[in-house]
Amino acid sequence: MKVDGTPYRTIWLGADGTTVQAIDQTLLPHRFVVRDLRTMEDAEVAIRTMIVRGAPLIGAAAAYGMALAMAADPSDAMLERAYRLLLDSRPTAVNLRWALDDLRALLAPLPPARRREAAYRRAAEICDEDAEICRRIGENGLGLIRRLTPRDKGGRLNALTHCNAGWLATVDWGTALAPIYQAHNAGIPIHVWVDETRPRNQGASLTAWELSKHGVPHTVIADNAGGHLMQHDQVDFVITGTDRTTRGGDVCNKIGTYLKALAAHDNGVPFYVGLPYPTIDWTIVDGVREIPIEERSAREVSHMTGRTEDGELATVHVLPEGSNAANPGFDVTPARLVTALITERGVCDASEAGLLSLYPEQSRAA
Ligand SMILES: CSC[C@H]1O[C@H](OP(=O)(O)O)[C@H](O)[C@@H]1O
C-alpha cells in the first residue's frame with residue numbers, strides 16, 4: 001500500500017541481496033522507521049518484540065529468518081536451530097509454523113551449498129503469494145460488502161474492526177481491511193470504527209494510521225464502546241483478522257475479539273473474518289481447548305507509550321504501584337458466532353463443511 005504516495009510492503013529484501021528490511025511497527029504512528037534484519041536472530045527479535053506482527057507477516061518474517069540463517073551457515077545444525085528459535089518466538093499465529101515447515105521441507109533435502117539461494121527465493125515467493133492472496137480476500141470481501149444495505153440513512157456503511165488486520169499485518173493489502181480498501185477504492189461510502197485494542201493499541205496506532213494514509217474515514221473508539229454502537233444501529237458489520245482458524249471454523253484473534261462477536265450476535269450484526277489459507281490449522285477443531293494463547297508481558301498492560309506535547313516519545317506507568325497485571329494476547333471466537341469466513345478462494349460458512357467447500361484437498365477422505 002502507499003505511504004504518502006510511495007508504495008510499500010511491510011517486509012522486503014534489501015539492495016545487497018542479503019539484508020531483510022521491515023517497517024518497525026513498534027514506532028508507528030509517531031515515527032516511520034525501516035529496520036535492517038541482518039541475522040536470523042534479528043528476525044527472531046523482530047517477531048518476538050512485534051517490530052513485525054500480524055499472522056501472515058510473522059510467517060513471511062520467519063521465512064526470511066530461515067534465509068538469513070542459511071546465508072550465515074547452511075548446515076543441518078543451523079537449519080534445525082533456526083527452525084526451533086523462530087518457532088518459539090510467538091506461539092499463537094499458525095502462519096509461523098506453516099512458513100517454517102515449508103522452508104524446512106524445502107531446504108533439508110538440498111545440499112548445503114544450494115540452501116541460501118533456495119531459501120531467499122522461497123521467502124520472496126511467500127511474500128508475493130501473501131500479497132496476491134490478500135488482494136483476492138479484498139475482492140471476495142468487496143462482493144460481500146456490495147450486498148449490504150447501510151443502516152445509516154445517509155447511505156454510508158459503518159464497519160467495526162478490532163486490532164490491526166490491515167496491510168501492516170500482512171505483506172500487503174491486509175485481510176480484514178482489504179475488503180474495506182477495495183470498497184473505498186470502488187467509491188462505496190464506508191467508515192470504520194477502529195477499536196483502540198488495548199494493551200498494545202494496534203488499532204489506535206496501526207489501523208488508524210493505515211486508514212489515514214489511504215484516506216478511509218474512520219473513528220477510533222475505546223474497546224468497550226462497540227457493543228453500545230451496535231445497539232444503536234451504528235454498525236453494519238464487524239470484520240477482523242485471525243491468527244489461527246480451526247478446521248471447524250473457530251477463530252483465534254487478538255484479545256477482545258470474542259467480546260465483539262458476542263455483541264454482534266446479540267444485535268444481529270454480521271461478524272466476518274478475513275483469512276488466508278496459511279492461517280487455517282487443519283489439525284485441530286476445538287479452538288478454545290487446542291489453540292495456544294500467548295501470554296505477553298504484564299508491562300504491556302501497566303505501561304503505555306505515546307508522543308508528548310513537544311513531540312517526544314515517552315512511556316508512562318498507568319497502574320498503582322504494586323498492582324498486578326495479566327496479559328493474554330488472544331481469545332477464541334467459536335464458529336457459531338462467525339457469520340462468514342472471507343478467504344482468497346471465496347466466502348464460506350465458519351464450519352468444516354464450509355471450509356472444505358473451498359479447500360476440498362483438506363478433506364480427511366482426500
Ligand atoms: C491478519 S492477522 C492480524 C492479527 O494479528 C494480530 O495480532 P498481533 O498484533 O499480536 O500479531 C491480531 O490478532 C490481528 O487480528
Side-chain angles (χ1 to χ4, degrees), residues 1 10-11 22-26 28 46-62 89-96 98-99 130-131 133-138 141 159-181 192 194-210 223 238-245 250-261 271-281 287 291-297 300-301 327-333 338 341-344:
M1 300 294 276
T10 50
I11 192 168
I23 298 170
D24 182 343
Q25 300 190 28
T26 63
L28 289 174
I47 294 168
R48 179 163 39 83
T49 62
M50 297 174 68
I51 288 170
V52 294
R53 31 72 45 205
L57 178 54
I58 287 171
S89 57
R90 292 188 74 188
T92 302
V94 72
N95 308 57
L96 178 58
W98 170 84
D130 181 74
I133 283 173
C134 290
R135 188 190 64 77
R136 298 214 305 262
I137 290 171
L160 184 147
T161 194
H162 189 72
C163 200
N164 172 255
W167 70 272
L168 288 173
T170 66
V171 173
D172 204 345
W173 278 107
T175 56
L177 294 191
I180 290 172
Y181 287 131
V192 184
V194 177
D195 275 357
E196 60 178 345
T197 315
R198 283 278 290 150
R200 289 287 301 233
N201 284 358
Q202 288 94 325
S205 300
L206 304 178
T207 296
W209 181 83
E210 282 195 33
D223 291 327
V238 178
I239 189 163
T240 76
T242 172
D243 294 79
R244 189 183 301 227
T245 298
D250 291 351
V251 167
C252 181
N253 197 53
K254 184 54 52 198
I255 194 77
T257 303
Y258 172 48
L259 296 177
K260 287 297 123 54
F271 185 91
Y272 301 124
V273 177
L275 73 155
Y277 79 89
T279 310
I280 303 169
D281 184 344
I291 297 177
I293 300 298
E294 179 181 23
E295 184 72 33
R296 291 192 64 89
S297 162
E300 294 181 352
V301 177
N327 188 15
F330 299 90
D331 59 25
V332 175
T333 298
V338 179
L341 300 174
I342 305 169
T343 79
E344 74 281 356

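On a predicted model such as this, the values are computed, not experimentally measured, just so you know. Order of appearance sets the numbers: ligands from 1, and atoms from 1 within every ligand.
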What protein heavy atom sits nearest [atom], and how far away is it?
atom: atom 13 (O) of ligand 1; result: Asp243 OD1, 2.5 Å
atom: atom 15 (O) of ligand 1; result: Asn253 OD1, 2.5 Å
atom: atom 3 (C) of ligand 1; result: Asn164 O, 3.4 Å
atom: atom 12 (C) of ligand 1; result: Cys163 SG, 3.3 Å
atom: atom 2 (S) of ligand 1; result: Ala55 N, 3.4 Å

Could you tell me whether [X] and ligand 1 have an N or O pair separated by under 3.5 Å?
X: Gly54; value: yes
X: Thr242; value: no
X: Thr175; value: no

Notebook entry, point to check: For ligand 1, does Met50 get within less than 4.0 Å through its side chain, its backbone, both, or neither, judged by non-hydrogen atoms?
Noted result: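 Answer for Met50: side chain.
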
Item checked: Interatomic distance, Ile280 atom CD1 to Leu275 atom CG [nearest 0.5 angstrom] ->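 The distance works out to 5.0 Å.
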
Notebook entry, point to check: Got a second to check how far His162's NE2 is from Tyr258's OH, nearest 0.5 Å?
Noted result: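 Answer rounded to 0.5 Å: 14.0 Å.
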
Item checked: Donor-acceptor side-chain pairing of Asp24 and Thr26 below 3.5 angstrom ->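 Yes - a donor-acceptor pair under 3.5 Å links their side chains.
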
Check: Side-chain donor-acceptor pair under 3.5 Å between Thr242 and Asn253, yes or no?
Finding: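 Per modelled atom types, Thr242 and Asn253 side chains form no pair under 3.5 Å.
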
Is [X] near ligand 1, meaning one of its heavy atoms is under 4.0 Å from it?
X: Arg90; result: yes
X: Gly329; result: no
X: Thr240; result: no
X: Arg200; result: no
X: Leu57; result: no

Which of the numbered atoms in ligand 1 are under 4.0 angstrom from any heavy atom belonging to [X]?
X: Pro56; answer: 1 (C), 2 (S)
X: Gln202; answer: 8 (P), 9 (O), 10 (O)
X: Ala169; answer: 1 (C), 3 (C)

Notebook entry, point to check: Hey, is Arg198 close enough to Asp223 for a salt bridge, meaning N to O under 4.0 Å?
Noted result: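 No salt bridge links Arg198 with Asp223.
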
Next item on the list: Test side-chain contact (heavy atoms from CB on, under 4.5 Å) on Phe271 and Val273 and set out the steps.
Entry: CA-CA 7 Å; Phe271 185 91; Val273 177; 3.7 Å; yes

Notebook entry, point to check: Which pair of non-hydrogen atoms, one from Asn327 and one from Pro199, has the smallest distance, and what is that distance?
Noted result: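 Here Asn327 and Pro199 meet closest at OD1-CG, 3.4 Å.
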
Next item on the list: List the steps and the verdict of side-chain contact (heavy atoms from CB on, under 4.5 Å) for Leu28 and Ser205.
Entry: CA-CA 6 Å; Leu28 289 174; Ser205 300; 5.6 Å; no

Notebook entry, point to check: Parallel, tilted or perpendicular: which describes the rings of Trp98 and Tyr277, with under 30° parallel and over 60° perpendicular?
Noted result: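 If you compare the ring of Trp98 with that of Tyr277, the planes turn out perpendicular.
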
Margin query: Tell me which one of Leu177, Val52, Leu206 satisfies side-chain contact (heavy atoms from CB on, under 4.5 Å) with Leu168.
Written below: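 Per the side-chain contact (heavy atoms from CB on, under 4.5 Å) rule, the option paired with Leu168 is Leu206, out of Leu177, Val52, Leu206.
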
Next item on the list: Take Ile291 and Asp243 through the test side-chain contact (heavy atoms from CB on, under 4.5 Å) and record every step on the way to the result.
Entry: CA-CA 10 Å; Ile291 297 177; Asp243 294 79; over 6 Å; no

Check: Considering Arg53, Lys254, His162, which one's heavy-atom position lies nearest to atom 9 (O) of ligand 1?
Finding: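 When every heavy atom of Arg53, Lys254, His162 is considered, Arg53 comes closest to atom 9 (O) of ligand 1.
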
